[in-house]
Amino acid sequence: MVVREKVKDFNVDHIFDCGQCFRWNREQDGSYTGIAFGKPVNISFETYMEEQGEGRLCIDNIDEAEFEEHWCGYLDLNRDYGEIKRILAEKDPIMAEAIKSGQGIRILRQDPWETLISFIISQNNNIPRIKKCIESLCELFGESAGSFRGRNYFAFPKAPVLARLTEEQLAPVRLGYRAKYIIETAKKVAADHAGAEPTDTEEILQTLEQLPLADTAKGYAYLTSLCGVGPKVANCILLFGMAKHESFPIDVWVRRVMHRLYGIDEKDMKHMADYAADHFGSYGGIAQQYLFYHIRQLEK
DNA sequence: GCCCAGGTACGCC
DNA sequence: GGCGTACATGGG
């Protein structure tokens, strides 16, 4: 168990139930259990006093070394979200209101491969079913990650494993027409990876794991070249799997916000993207998460 | 039966 | 390049 005191701008519901991740589940006590880096973990957060915005973060089933190596970055703990919120709140009153709804949001730095496949599954789908599909995919094709608090866990299946599957083998996961996209994308990613040995050619080979280091435009170009990855999914992968915080995914909910609250024409995606780039700049993706969380709260 | 869900591929103009 | 439309699946 790792404990950190005086953690600010952190709310487990805002972080794990804001649609950026699909493998974290809420427990009776309000904590969340999930799996990352091949290991099941429970995360709880206790605020010292109401309205204080500080609290104690507990991560169970890891040690200090694992915290430093993986979890500090995964939870984006070194970023000052208070400062980001101050900057964004000044942009407009709608954003200021949205930040109040999701004041404890943090953008996770998830595994690019898992994020890629998860968001291919997300297209034209709803969050509960996305979670079911991913869980089933891991149970059927992922390596066992042991048991934790009486439950068995499975790691996310790696690219070469999915690349070898047929649509028939994937059928039990109930992915629908997305099964084909996933097999094709897995083949491409696995092949790129296999071919990524140093060569004497000028051309820099692109692989998925190189993308977080590349600039956003290059990452976007690679991702949208994959089958089943369009503009929205690519931006989600850049944002949630590669910490490209300027990426601004536009889905049905964000369209709803931009139309209803900002008055932008419902089908003018270009205008929405331009608005985000102009107003929210390098924090576009974080702004998008406050808006996404906000509109969904309003609809509940 | 219909509509919807963190959209995309594909064909047509 | 901008438009429609089909697409698997399950919940409301």
Side-chain angles (χ1 to χ4, degrees), chain A residues 13-24 98 101-102 105-108 110 112 114-137 140 165-189 220-242 244-261 265-274 276 284-300:
Chain A
D13 292 315
H14 297 170
I15 293 169
F16 297 115
D17 195 26
C18 71
Q20 63 174 322
C21 53
F22 302 103
R23 300 201 71 197
W24 290 91
S101 315
I105 284 172
R106 281 171 176 270
I107 307 294
L108 298 173
Q110 301 178 78
E114 177 174 339
T115 310
L116 165 61
I117 298 304
S118 296
F119 278 92
I120 288 177
I121 293 171
S122 81
Q123 67 181 255
N124 207 33
N125 211 342
N126 58 65
I127 292 178
R129 216 177 79 82
I130 297 164
K131 292 179 77 166
K132 276 186 191 167
C133 288
I134 293 172
E135 189 181 8
S136 168
L137 185 68
L140 288 174
L165 297 179
T166 63
E167 284 186 55
E168 291 71 33
Q169 290 173 299
L170 261 180
V173 184
R174 314 300 287 161
L175 293 165
Y177 65 90
R178 306 168 195 86
K180 191 184 299 179
Y181 298 166
I182 287 169
I183 292 167
E184 196 168 321
T185 287
K187 283 180 177 165
K188 175 76 159 58
V189 168
Y220 183 88
Y222 178 84
L223 291 170
T224 50
S225 78
L226 298 171
C227 184
V229 181
K232 190 273 172 181
V233 167
N235 276 314
C236 282
I237 300 161
L238 289 166
L239 180 57
F240 306 129
M242 303 186 183
K244 304 295 188 185
H245 288 183
E246 73 272 34
S247 305
F248 190 83
I250 302 173
D251 69 342
V252 288
W253 294 97
V254 176
R255 279 173 70 173
R256 224 162 268 174
V257 180
M258 299 307 278
H259 175 61
R260 288 190 201 165
L261 303 184
D265 177 13
E266 224 165 347
K267 46 185 170 47
D268 196 348
M269 318 287 266
K270 169 119 172 58
H271 188 179
M272 293 180 187
D274 290 345
I286 301 172
Q288 187 267 12
Q289 276 312 98
Y290 292 126
L291 293 173
F292 180 84
Y293 194 82
H294 183 53
I295 188 75
R296 287 170 60 91
Q297 289 303 112
L298 291 178
E299 297 276 307
K300 279 182 184 171

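By convention in this document, chain letters (A, B, ...) are assigned in the order of the sequence lines, proteins followed by strands, and residues within each chain are numbered from 1. Being a predicted model, the structure only gives us computed values, none of them experimental.
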Report task. Might you confirm whether atom CD of A/E266 has over 12 heavy atoms from other residues, nucleotides or ligands at distances under 6.0 Å? Result -> no

Separation of [X] atom [atom1] from [N] atom [atom2], in whole Å?
X      : N     : atom1 : atom2 : value
A/E266 : C/dC3 : CD    : P     : 15 Å
A/D268 : C/dC3 : CG    : C1'   : 14 Å
A/K270 : C/dG2 : NZ    : P     : 9 Å
A/F292 : B/dA5 : CZ    : C1'   : 10 Å
A/L223 : B/dT8 : CG    : P     : 11 Å
A/K267 : B/dG7 : NZ    : C1'   : 18 Å
A/M269 : C/dG1 : CE    : P     : 18 Å

For [X], answer base if it contacts any base atom (sugar-phosphate contacts may also be present), sugar-phosphate if it contacts only those atoms, and nothing otherwise; contact means non-hydrogen atoms under 4.0 Å.
X      : answer
A/L239 : nothing
A/C227 : sugar-phosphate
A/G228 : sugar-phosphate
A/C18  : base
A/E184 : nothing
A/P128 : nothing
A/Y293 : nothing

Query raised in the report: Does anything in residues 250-260 of chain A reach DNA chain B, meaning a heavy atom under 4.0 Å, and if so which residues?
Result: A/D251, A/V252, A/W253, A/V254, A/R256

Report summary line: d(A/Q20 CD, A/S118 OG) to nearest 0.5 Å is 12.0 Å

Query raised in the report: Roughly how far, to the nearest 0.5 Å, is NE2 of A/H294 from CH2 of A/W253?
Result: 12.5 Å

Using the [atom1] atom as the point on both nucleotides, what is the distance between [M] and [N], in whole Å?
N      : M     : atom1 : result
B/dC3  : C/dT5 : P     : 14 Å
B/dG11 : C/dA8 : P     : 15 Å
C/dG11 : B/dT8 : C1'   : 22 Å

Query raised in the report: What string of B, S and - do you get for nucleotides 6-12 of chain C, 5' to 3', when a contact is any protein heavy atom under 4.0 Å?
Result: -BBBBS-

Counting only N and O atoms by type, is there a donor-acceptor contact under 3.5 Å from the side chain of [X] to the main-chain atoms of [Y]?
X      : Y      : answer
A/H14  : A/S101 : yes
A/Q169 : A/T166 : yes
A/Q123 : A/V233 : no

Under a 4.5 Å cut-off applied to non-hydrogen side-chain atoms, are [X] and [Y] in contact?
X      : Y      : result
A/L291 : A/L261 : no
A/F22  : A/Q110 : no
A/I121 : A/Y181 : no

**Report entry** Working for side-chain contact (heavy atoms from CB on, under 4.5 Å), residues A/V254 and A/K232
**Finding:** CA-CA 11 Å; A/V254 176; A/K232 190 273 172 181; over 6 Å; no

